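In what follows, a structure is listed as structure tokens, so that the remarks can point back to it.
Just so you know, these numbers come straight off a predicted model, no measurement behind them. Here, residue 1 is the first one in the sequence, and each next residue gets the next number.
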Amino acid sequence: MSEKTKKWWKAAGVRAVKTVAQTAVATIGTAAVLGEVNWAMVCSAAMLAGILSLLTSVAGLPELE
């Protein structure tokens with residue numbers, strides 16, 4: 001694996017982890033207001049956000065340009 005590819009995976013991974021955490025916090029906060037946290041929904045939404053973040057990173061990562 002080239003150095004450029006390693007840097008891309010690291011940057012995209014960091015971005016995806018941050019997105020997953022932000023989505024989980026937002027989903028838990030919304031569910032808590034409604035009275036019950038649906039953990040399956042929280043995990044599902046957070047993982048989908050992480051996948052979408054990685055796919056969005058394919059278009060380019062400003063921190064690597």
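Every side-chain contact (heavy atoms from CB on, under 4.5 Å) that Val14 has, sequence neighbours left out, goes to Lys18.
Considering every non-hydrogen atom in both Val20 and Gly50, the closest pair reads CG2-CA, 3.5 Å.
Using a 4.5 Å cut-off between side-chain heavy atoms of Ile, Leu, Val, Met, Phe, Trp and Tyr, with links allowed through other members, Ile51 and Val58 fall into different hydrophobic clusters.
Between Leu61 atom CG and Lys7 atom NZ the span is 13.0 Å, to the nearest 0.5 Å. Between atom CE of residue Met1 and atom CH2 of residue Trp8 there is a gap of 10.5 Å, rounded to the nearest 0.5 Å.
In this structure, the side chain of Thr23 engages the main chain of Thr19 through a donor-acceptor pair within 3.5 Å.
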Indicate every side-chain donor-acceptor pair of residues 29-46 with a distance under 3.5 Å to a residue at least two apart or in another chain.
residue, atom, partner, partner atom, Å
Thr30, OG1, Ala26, O, 2.9
Asn38, OD1, Ala40, N, 3.2
Asn38, OD1, Met41, N, 3.2

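When only modelled atom types and interatomic distance are considered, Thr5 and Ser2 share a side-chain donor-acceptor pair under 3.5 Å.
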